[in-house]
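Have a look at the structure below before the remarks.
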Amino acid sequence: MLSAADPLPFNPERVLIAGVTGSGKTTLARRVAELWDLRHVEIDGLFHGENWTPRPSFLDDVRAFAAEDRWVTEWQYTNKGTDEIMTPRAQLAIWLDYPWSVVRTRLLRRTLSRSILRTEMYNGNVEQPVWQLLATRDPERNILSWQSKTRTFWPTRMPEKQGRFPHLTIVRLRHPRETESWLRAQAEASGVSIAPPKRRSRDR
C-alpha cells in the first residue's frame with residue numbers, strides 16, 4: 001500500500017475512490033477525472049432512482065461503464081455486487097482514511113446545507129428535511145447514523161481487498177492535506193495544473 005509520499009508507478013486509466021460517507025470521494029473523483037482525463041461515473045446516480053428507490057438496471061449500468069477503458073468512480077455498493085464487476089478492472093484505488101473529526105464535520109456541514117437548500121442530487125432526489133433526520137436513528141434513513149455504522153468498514157476490510165485484488169495499487173491518504181499534496185505531485189508528474197476543490201453540497 002502506497003502513502004502520499006510514494007511516487008505512483010503509472011498513470012492509471014481506471015480508478016476507484018474509497019472512504020467513509022462524507023470523506024469527499026465524489027469531489028476527489030471529479031478532480032482525478034480532470035487530472036488524468038477520465039470519465040467520472042457517479043455511482044450513487046446509477047443506484048438511486050426516483051424517491052431513492054434502487055434502480056433495477058444498477059448492475060447492468062456498472063458492467064457497462066466498467067467495460068470502458070477510462071473511468072473513475074466511488075468504491076461503493078460492494079454488498080450489491082460491484083466488487084465482482086468493477087474492482088477486477090480497476091488499476092488504482094485511492095483510500096481517503098481521514099480522522100473521524102474531519103469526516104463527521106464534513107458530513108454535518110454537507111447534510112445541513114443540502115437539507116436547508118433542498119439541493120437536488122440524482123434523479124430528482126433531495127435530502128430529507130432536518131426535522132426528519134433528527135426524528136430517526138435508522139441508518140437506512142439517517143445519513144449521519146449510516147456514517148457511524150460504517151465508519152470502520154474500510155479499516156477492517158481493506159486488508160481483505162488487498163488479498164482479493166492483488167493487481168490493484170492502493171494509495172492511502174490520511175488527511176485532506178495529504179490528498180492535496182498527493183494531487184500536486186501527480187499533476188507535476190503528468191505536466192498538468194490542478195484547480196483547488198470546489199465545495200458542493202452534493203459531494204460524497
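One is the number of the first residue; the rest follow in order along the sequence.
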### Summary
For Pro7 and Leu2 the tightest heavy-atom approach is O-CD1, 4.1 Å
### Task
Using atom types as modelled and distance alone, determine if a side-chain donor or acceptor of Thr156 lies under 3.5 Å from a backbone N or O of Thr152.
yes
### Task
Indicate whether the side chain of Asp44 and that of Tyr77 have a donor and an acceptor atom separated by less than 3.5 Å.
yes
### Task
Quick one: pull up CZ in Arg106 and OG1 in Thr27 and give me the separation to the nearest 0.5 Å.
7.5 Å
### Message
So which atom in Pro176 and which in Val102 form the shortest heavy-atom distance, rounded to 0.1 Å?
### Response
CG-CG1, 3.9 Å
### Query
Checking Gln147 side chain against Val103 main chain: does a donor-acceptor pair fall under 3.5 Å?
yes
### Task
State, yes or no, whether a side-chain contact exists between Thr73 and Glu42 at a heavy-atom distance under 4.5 Å.
no
### Message
To the closest 0.5 Å, what do you measure between OG1 (Thr179) and CZ (Arg31)?
### Response
8.5 Å
### Task
Would you give the length of the straight line joining atom CZ of Arg89 to atom CZ of Arg14, rounded to the nearest 0.5 angstrom?
4.0 Å
### Query
Do Trp71 and Leu16 touch side chain to side chain, with heavy atoms closer than 4.5 Å?
yes
#### Entry: Donor-acceptor contact present, side-chain Lys25 to main-chain Ile17, <3.5 Å
no
### Query
Going by heavy atoms in the side chains, are Phe153 and Thr78 under 4.5 Å from each other?
yes
### Message
Hydrogens and angles aside, do Glu74 and His40 bring a side-chain donor and acceptor to less than 3.5 Å of each other?
### Response
yes
### Message
So does Trp146 get a backbone contact from the side chain of Thr150, meaning a donor-acceptor N/O pair under 3.5 Å?
### Response
yes
### Query
At what distance, to the nearest 0.5 angstrom, does CD1 of Ile43 lie from OG1 of Thr26?
10.0 Å
### Task
Kindly give the heavy-atom pair with the smallest separation between Leu35 and Ala187, and that separation in Å.
CD1-CA, 3.6 Å
### Message
Measuring only between side-chain heavy atoms, which start at C-beta, is Ile94 closer than 4.5 Å to Val15?
### Response
yes
### Query
Is the backbone of Gln76 close enough, under 3.5 Å, to the side chain of Thr82 for a donor and an acceptor to pair up by distance?
yes
### Glu84/Arg63 ion pair, N-O < 4.0 Å
no
### Task
List the steps and the verdict of side chain to side chain contact (heavy atoms under 4.5 Å, CB included) for His48 and Arg55.
CA-CA 6 Å; His48 293 293; Arg55 299 175 64 250; over 6 Å; no
### Query
If we only count heavy atoms from C-beta on, is the Trp95 to Met158 side-chain gap below 4.5 Å?
yes
### Query
Cut-off 3.5 Å, side chains only: do Asp60 and Ser57 have a donor facing an acceptor?
no
### Query
So, the side chain of His167 versus the backbone of Pro88: is there a donor-acceptor pair under 3.5 Å, distance only?
yes
### Task
Considering non-hydrogen atoms only, spot the tightest contact between Trp75 and Thr87 and give its length.
NE1-OG1, 3.4 Å
#### Entry: Atom CD of Glu50: over 12 foreign heavy atoms under 6.0 Å
no
### Query
Can you check whether Arg110 reaches Ile143 side chain to side chain, under 4.5 Å on heavy atoms?
yes
### Task
Give the minimum heavy-atom separation between Met86 and Phe65, together with the two atoms involved.
SD-CZ, 4.0 Å
### Query
If you take all heavy atoms of Asp97 and Pro155, which pair is closest and at what distance?
OD1-CG, 4.4 Å
### Message
Rounded at 0.5 Å granularity, tell me how far CG in Leu28 sits from CD in Glu180.
### Response
8.5 Å
### Query
Nearest 0.5 Å, what's the CZ-CD distance between Phe10 and Gln91?
5.5 Å
### Note, Leu144 side chain near Arg104 side chain (heavy atom, < 4.5 Å)
yes
### Query
Heavy-atom count around Arg70 CZ within 6.0 Å, excluding the residue itself: above 12?
yes
#### Entry: Any side-chain heavy-atom pair of Lys80 and Phe58 under 4.5 Å
yes
